[in-house]
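Small disclaimer: the values here were computed from a predicted structure and weren't measured.
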Amino acid sequence: MDIVILAVVIAVVVLGALGGLIVGSRRKKQLPPPPPAAPDITAPPAEPHVGDEAETPREEPRRTIEEVDLPDGSAPVVVEEPPAEAPEIEVPEPTAGRLVRLRSRLSRSQNALGKGLLTLLSREHLDEDTWEEIEDTLLTADVGVLPTQELVERLRERVRVLGTRTPEELRTLLRDELVTLVGRDMDRTVKTEPEDRKPGIVMVVGVNGTGKTTTTGKLARVLVADGQSVVLGAADTFRAAAADQLQTWGERVGAHTVRGPEGGDPASVAFDAVKEGKEMGANVVLIDTAGRLHTKTGLMDELGKVKRVVEKQAPVDEVLLVLDATTGQNGLVQARVFSEVVNITGIVLTKLDGTAKGGIVVAVQRELGVPVKLIGLGEGADDLAPFEPEAFVDALIGE
């Protein structure tokens, strides 16, 4: 009996313990999860305030003048920057005999004028029709009416006296007459070295499109090649980038360029160029002038003003008119207009390569009574050559 009672007690105790475990586990499942820990938030820095909201200044420790470390007097560290690379200075080729070296550039003029004349003169019978063809050939090459008539008359006389004509005799005859027509005795020296002073002053004039600024830069190369120091005056202030173009030409050969603001007073730039040329002891000052259309009276007035202002310092030694050889009779009109404003002393014929207008050399000299001194025979930097009548004629008629 005691055993039965003990078993019942143990069963009751076991059942009570199991019931407590079940109730405890249910309560644990119903409890909500604990709240997550609050993150540490760093307060943003206080914004500065002004007026009534300004924070009261806090006392901070300050050092006295005795406590501040003074420099010990040692030399500061200097950081050297690499020097800017100077543009490489070019050495232009010598000008002596340059036209001979550029003879091939006249090939088209040679075919139209020189070889055309030789072919006509080589005919067995030179009748009136042949002489008219000779005249047409000369006129087509822009020789001009009066020079053509003079040349034909001389050729007629010499052919009549010569009688039988071999090719070599004809070539010699034609060469002599053309050299005489071009003018072998004219002074073609570019006046850049006055005896009583330095520098020589050269003005370059002409309308836009003739290659005036480029010619000025190439002329600087010609002068540098002959051992002269050059200052360039960029007085063409009305054409955008003209001063930049001229300065680039100057930098190539070490020539200093004086320039002013775009649209500024050209006479002022020219005056400053001559002044700096004197101070630097330069041999020559080249002044590139404005070149708007020759029909604009304002340009002509401005050109005269530039010359007058420059001559307050020194006389202008040379005024070179740049003409485009391809413009023919229009170039002669330009020449007349410019010669009325400034005293033209020499002609520069550009774009003479690849043109059948070689006779313009004769026509423009007759029109102005001044010599062609330089000719442009290409786009290269050294394609501007001093004009040599014999070499020019030899290029026209061939070897």
Measure the shortest side-chain to side-chain distance between [X] and [Y] over non-hydrogen atoms and say whether it is less than 4.5 angstrom.
| X | Y | answer |
| --- | --- | --- |
| Val310 | Ile201 | yes |
| Val224 | Gln228 | no |
| Leu138 | Ile134 | yes |
| Arg197 | Asp317 | yes |
| Leu181 | Val143 | yes |
| Ile375 | Ile347 | no |
| Asn283 | Lys198 | yes |
| Glu388 | Arg188 | no |

Distance check, rounded to the nearest 0.5 Å: [X] atom [atom1] versus [Y] atom [atom2]?
| X | Y | atom1 | atom2 | result |
| --- | --- | --- | --- | --- |
| Leu349 | Lys373 | CG | NZ | 13.5 Å |
| Leu232 | Glu276 | CG | CD | 11.5 Å |
| Leu321 | Met203 | CG | CE | 11.0 Å |
| Thr214 | Leu219 | OG1 | CG | 12.5 Å |
| Leu323 | Glu367 | CG | CD | 10.5 Å |
| Glu133 | Thr140 | CD | OG1 | 11.0 Å |

Problem - Stepwise side-chain contact (heavy atoms from CB on, under 4.5 Å) check, Thr172 with Glu168 - result: CA-CA 6 Å; Thr172 301; Glu168 186 58 33; 3.8 Å; yes
Between [X] and [Y] (salt bridge meaning N to carboxylate O under 4.0 Å), is one present in this structure?
| X | Y | result |
| --- | --- | --- |
| Glu128 | Arg156 | yes |
| Arg171 | Asp394 | yes |
| Glu153 | Arg158 | no |
| Arg160 | Glu157 | yes |
| Glu340 | Arg336 | no |
| Asp382 | Lys218 | no |
| Asp236 | Arg239 | yes |

I'd like to know if the side chain of [X] pairs up with that of [Y] as donor and acceptor (distance under 3.5 Å, no hydrogens or angles considered).
| X | Y | result |
| --- | --- | --- |
| Glu318 | Thr345 | yes |
| Thr180 | Arg154 | no |
| Asp288 | Thr213 | yes |

Exercise for the section: Hydrophobic side-chain clustering at under 4.5 Å (ILVMFWY, transitive links): who's grouped with Phe271? Put none if nobody. Expected result: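 So far as hydrophobic clustering goes, Phe271 is joined with Val309.
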Which heavy atom of [X] sits nearest to which heavy atom of [Y], and what is that distance?
| X | Y | result |
| --- | --- | --- |
| Phe387 | Val361 | CZ-CG1, 3.7 Å |
| Ala282 | Ser229 | CA-OG, 3.4 Å |
| Gly183 | Pro389 | O-CG, 3.6 Å |
| Pro371 | Gln365 | CA-OE1, 3.7 Å |
| Glu302 | Ala267 | OE2-N, 4.2 Å |
| Val231 | Ala273 | CG1-O, 4.0 Å |

Check the hydrophobic clustering (I, L, V, M, F, W, Y; side-chain heavy atoms under 4.5 Å; chains of links allowed) and say if [X] and [Y] are grouped together.
| X | Y | answer |
| --- | --- | --- |
| Leu151 | Phe392 | yes |
| Val269 | Val306 | no |
| Met280 | Val285 | yes |
| Met186 | Leu320 | no |
| Val204 | Trp249 | no |

Problem - Stepwise side-chain hydrogen bond (donor to acceptor under 3.5 Å, both in side chains) check, Thr237 with Arg259 - result: CA-CA 8 Å; Thr237 60; Arg259 54 188 297 177; over 6 Å; no
When you measure from the side chain of [X] to the backbone N and O of [Y], does any donor-acceptor pair fall under 3.5 Å?
| X | Y | value |
| --- | --- | --- |
| Thr210 | Val207 | yes |
| Glu169 | Thr166 | yes |
| Ser268 | Gly264 | no |
| Asp383 | Gly376 | no |

Exercise for the section: Going by the side chain to side chain contact (heavy atoms under 4.5 Å, CB included) test, name the single residue among Leu332, Asp142, Val370 that passes it with Val364. Expected result: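 With Val364 as partner, side chain to side chain contact (heavy atoms under 4.5 Å, CB included) holds for just one option, Leu332.
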Practice task
Give the C-alpha distance, both sets of side-chain angles, the deciding distance and a yes or no for side-chain contact (heavy atoms from CB on, under 4.5 Å) between Asp301 and Val341.
Solution key: CA-CA 8 Å; Asp301 292 341; Val341 180; over 6 Å; no
